[in-house]
Structure formats: C-alpha cells, structure tokens
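First comes the structure, then the notes that go with it.
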Amino acid sequence: MPLIRVLADMERVGVRLNQEDLKAISTSLREDIISLETEIFNLAGTEFNISSPKQLGDILFIRLKLDDKARVTKTKQFNTSEEILQRLAGRHPIIDKVLEYRGLKKLLSTYVEALPQLVDRKTGRIHTSYNQAVASTGRLSSNNPNLQNIPVRDERGREIRKAFVPEEGNIFLSADYSQIELRLMAHLSGDRNMMDDFLSGNDIHAATASKIFGVEIKDVTREMRSRAKTANFGIIYGISSFGLSERLTIGRKEAKDLIDGYFKSYPGVKKYMDESIRKARDLGYVTTMLGRRRYLRDILSRNQVVRGNAERNAINAPIQGTAADIIKIAMVKIYGKLKNDRYNSKMILQVHDELIFEVVPEELEKLREMAVYEMTNAIKLDVPLKVDWGTGRNWLEAH
DNA sequence: AACCTCACG
DNA sequence: ACGTACGTGAGGTTC
C-alpha cells in the first residue's frame, strides 16, 4: 500500500475538536489580552498597535529608549523578536507584558479562533492535508490546518491540545520515537562512544555531559545536562560556535571549547559530518538510508554564507530525512495491519516522530503492541530504536 | 506579496 | 568582514 493512500485515509478520518473547551479558552484569553493591553498602554504612556513590530519597536527603542545596541532586521526595522525582548526583560516592566501579550494573542488568533472554522459540517471533525512533496528532507508537512504545530510547550497552550479529543467511548494512543535523530547520528556515524551511550540505555544527554565536562554521570548537574542537550541538537543541525554561543548565552571561545570537547568525545561524529560534506561536493547531493536524495546546488558556492548553509543541509538532511523515511515505513506497515486485521481503531495524526491513534478500548492492548512493534522494527540499526507511548482522553493526556 | 514573528518536531 | 544551528505553516502588518 503506497503512503499516499494511508495519508488520504488519515485526512478523511480527521480528528474531533471539543468546541466547548475552546470557547472557555477563548473567553479567558480575551480577558487577559484586554487587561494586558491596558497595562502596556499605561506603561508606554500612549496607545499603539502592539501586534505591529514597527510600532512596538518605535515605542520600545525610541520612546522608552530601551536600545540594547538596537538590533535590527533586514529592512532596518528594530528587531522585536522574543529572543531580543527576553534579554531586555529586566530593563523595563513593559517587556514582560508585551511578551505575555504576544503569546496569548498567538494562541487566540492562530488556534482558538481559526480551528473551529475548519470543522467539517458533515463529519464534525477537523481534516488536515498532509503533503509528501513539500519538505526538502522528506518529512511530511500539514496544512489547512497545520496539525503538526499544535501548542504543547507552555501551560496556556496545552489547554488547546486538550481540546483535541476522541469520540465518546474511544481513547487516544500516542506513540513516539525517543531521540530518533540522535540515534541515527550514532548509527550513521558509527561513532563507538555514541553507540555505546545508546546501547547502555543511559540518558544520552547526561552521558554527553559526562564526557564533555569530564565528570561521572552521577555528578552531572542539571545545567551540564541542559548544555549537553543543546550541543546534541546543535550537532544534528551542523553546529557553529557562534550558533551555540547564542543559544547558551556564553562567549564564542567557550562555545568553541565546548564543541572541541564534543568532537573529542565523539570523534566518529566529526568524521561523519566531514564525510557528508565531501559526498555532497562530489555528487551534488546527499542521501538518506533509504536512498532519498537532497540536491545541494550551493555546496560549491564561492559565497561562504550560502555554502555554509548548504554544508549544514548536507549534515542535517540525511539524519532528518532518514527519520522521516523510517516513520513512513512504520505508517504503511501499521496501516496494512489495521486493514488486514479489521481493526475499528484508526491512525489519525502524524507529527514527525509521533503517531496518534483513535482507539476503541477493546483494541487498545493489541494495537499498542502492534504499533510500538512496527515503529521499533521499521528498520534495523546498529543502535536500538526506542518508542514511548501513552493513552488518554485527550491529545495532551496521551503524551 | 514581503516581512516579521512564533507555533511545532 | 561577513553572517551563522535543521525542517515546516500561519496570522498580522505593511507596502
């Protein structure tokens, strides 16, 4: 069965949205937004459109003179992104209010107000579209609406995720790959140390911290683990000392030392990354484990910014793309079994490393075992794949 | 339509 | 001297 039919079926089935929940969220968001508006206008001493980066920039950096060396965007406007504002937070009480306003407004306009309008009249459910041919790495994308970016990180946003629910009597099952991209880095690079970290079943970020900071795993602090985690992510994306220093708010030198330490701990990873770039130069493309190609026309560019971008793509695409290939294999296999064994439960959503099923309770045990098995064994690697799962009466709870 | 900002993995 | 971590989609503002 080709993937496109699996996706078509998932789109057709859709997912239920509890509109009463959303109404309540809407009311409370609106109230908070209005009072934040008032506070912001008072602090600014004038009314303006807080949603306009241009007007906000003028207020913060000219009227209130909060310029932190006034960073600017392409078009020479003041940069008012969250990242910049965070750094100014201590300087004036308006900053926190603006950040909070922005967050709540985002939830309201992008989700709470938009989603109910996309509930299908006939089915009473939300039906996304999955695209197979948009993302250059081979990932799926989802639009109209995008159900791959439903909030989960903040408390307020999580309320929205709770509004995604199964039919009366059914339950959600969520199954997701644990650290699939880092596992792929371990496999593809063949780095003995990283492979051993996964084979021993240790917490990978703690294991990385232990190596780069030179302490026993048991002596790894939260801060060390958090930095190691950032470094691990950075590695997958084709790290630079600048990028890492920005994210950790540390100096360039310190970031460089950290990266050097990383590559000393995982020398195979460094070798693999260099090899990926060399391959891209030779062939003009890189491939995933399953042979999907990403062409990199800029890999020989004389412009180092453009070339650097292509080099990071050469590192990242085989990793992200292989992860995408793997979950697609699992989806096709799982879908085949759902059909063949006449399940009444349905696979309804895919979010890159996660599959969500709407399950009739009698089938839960069997389906959970089957789905986790198919995901875990979709491909044979030199390190184990791990799949976590959960169930619940809404999407958040299933996590 | 371009830009800025921000939601997710 | 430059600009700098991967991949998406969507809403609001501005031109």
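Just so you know, these numbers come straight off a predicted model, no measurement behind them. Each chain gets a letter, A, B and so on, in the order its sequence line appears, and its residues count up from 1.
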Original post:
When all nucleic acid strands are considered with a 4.0 Å heavy-atom cut-off, which category describes G308(A): base, sugar-phosphate, or nothing?
Top reply: nothing
**OP:** Could you pull out all residues at least two apart from F357(A) that satisfy ring pair (Phe, Tyr, Trp, His ring centres under 6.0 Å)?
**Re:** none
Original post:
So does R125(A) pair up with E358(A), basic N to acidic O under 4.0 Å?
Top reply: yes
Original post:
Which parts of residues 135-163 of chain A get close to DNA chain B, meaning a heavy atom less than 4.0 angstrom away?
Top reply: R139(A), Q148(A), N149(A), I150(A), P151(A), V152(A), R153(A)
Subject >> Any residue meeting ring pair (Phe, Tyr, Trp, His ring centres under 6.0 Å) with Y373(A), in chain and number order, not counting sequence neighbours >> reply: none
Original post:
Does D197(A) pair with K211(A) as a salt bridge, N-O distance under 4.0 Å?
Top reply: yes
**OP:** Just call it for Q55(A): base, sugar-phosphate, or nothing, with non-hydrogen atoms closer than 4.0 Å on any strand.
**Re:** sugar-phosphate
Original post:
For DNA chain C, which nucleotides open and close the run of contacts to chain A, 5' to 3', at under 4.0 angstrom from a non-hydrogen atom?
Top reply: dC2(C) to dC15(C)
**OP:** Determine the contact category for S52(A): base if any of its heavy atoms lies under 4.0 Å from a base atom, sugar-phosphate if only primed atoms, P, OP1 or OP2 are that close, otherwise nothing.
**Re:** sugar-phosphate
**OP:** Considering only heavy atoms of chain A and a distance under 4.0 Å, specify the first and last nucleotide of DNA chain B in 5' to 3' order that meet this criterion.
**Re:** dC3(B) to dG9(B)
Original post:
Residues two or more places apart in sequence or in another chain: which of them pass ring pair (Phe, Tyr, Trp, His ring centres under 6.0 Å) with F172(A)?
Top reply: none
Original post:
Quantified in whole Å, what is the C1' atom distance between nucleotide dC6(B) and nucleotide dC2(C)?
Top reply: 27 Å
Report, one line per pair, each donor and acceptor closer than 3.5 Å where one atom sits in a side chain of residues 31-39 of chain A; sequence neighbours left out.
| unit_1 | atom_1 | unit_2 | atom_2 | d |
| --- | --- | --- | --- | --- |
| D32(A) | OD2 | R156(A) | NH1 | 3.0 |
| D32(A) | OD2 | R156(A) | NH2 | 2.7 |
| S35(A) | OG | E31(A) | O | 3.4 |
| S35(A) | OG | D32(A) | O | 3.2 |
| T38(A) | OG1 | I34(A) | O | 3.0 |
| E39(A) | OE1 | K97(A) | NZ | 3.1 |

Please output the side-chain donor-acceptor pairs of residues 339-349 of chain A that fall under 3.5 Å, not counting sequence neighbours, one pair per line with the distance.
| unit_1 | atom_1 | unit_2 | atom_2 | d |
| --- | --- | --- | --- | --- |
| S345(A) | OG | V360(A) | N | 3.1 |
| S345(A) | OG | E363(A) | OE1 | 2.5 |

Subject >> Whole-angstrom distance between dC3(B) and dA5(C), as gauged at atom C1' >> reply: 22 Å
Original post:
Does a donor on one side chain and an acceptor on the other come within less than 3.5 Å for S26(A) and R30(A)?
Top reply: yes
**OP:** Could you tell me whether E155(A) and R161(A) make a salt bridge, using a distance below 4.0 angstrom between a side-chain N and a carboxylate O?
**Re:** no
**OP:** Looking at every strand, decide which applies to K54(A) at a 4.0 Å heavy-atom threshold: base, sugar-phosphate, or nothing.
**Re:** sugar-phosphate
**OP:** Please determine, by modelled atom types, if N232(A) and T208(A) share a side-chain donor-acceptor pair under 3.5 angstrom.
**Re:** yes
Original post:
Please, which pairs that meet salt bridge (charged side-chain N to carboxylate O under 4.0 Å, His left out) have at least one residue in residues 12-27 of chain A, sequence neighbours excluded?
Top reply: D9(A)-R12(A), R16(A)-E168(A)
**OP:** Dot-bracket notation for DNA chain C is requested: 5' to 3', Watson-Crick or G-U wobble pairs only, both distances under 3.5 Å, with ( ), [ ], | and . as defined.
**Re:** .....|||||||||.
Original post:
Which part of the nucleic acid, if any, lies within reach of E82(A) when heavy atoms closer than 4.0 Å are counted: base, sugar-phosphate only, or nothing?
Top reply: sugar-phosphate
**OP:** Kindly assign one of parallel, tilted or perpendicular to the pair F233(A) and H205(A), based on the angle between their ring planes and the thresholds 30° and 60°.
**Re:** parallel
Subject >> Stretch residues 254-269 of chain A: residues that reach within less than 4.0 Å of DNA chain C through a heavy atom >> reply: none
**OP:** Look at R292(A) together with D325(A) and state whether they make a salt bridge at an N to O cut-off of under 4.0 Å.
**Re:** yes
Subject >> Under-4.0 Å salt bridge between D260(A) and K264(A) >> reply: no
Original post:
So what does N309(A) touch, heavy atoms closer than 4.0 Å: a base, only the sugar-phosphate, or nothing?
Top reply: sugar-phosphate
Original post:
Is R252(A) paired with E246(A) through a side-chain N to carboxylate O contact shorter than 4.0 Å?
Top reply: no
**OP:** Could you tell me whether S129(A) contacts a base, only the sugar-phosphate backbone, or nothing, with contacts defined as non-hydrogen atoms closer than 4.0 Å?
**Re:** nothing
Original post:
Hey, does S241(A) reach any base, or is it just sugar-phosphate, or nothing, if we go heavy atoms under 4.0 Å?
Top reply: nothing
Original post:
If you look only at pairs with a residue in residues 228-245 of chain A, which of them pass as a salt bridge (charged side-chain N to carboxylate O under 4.0 Å, His left out), with sequence neighbours excluded?
Top reply: none
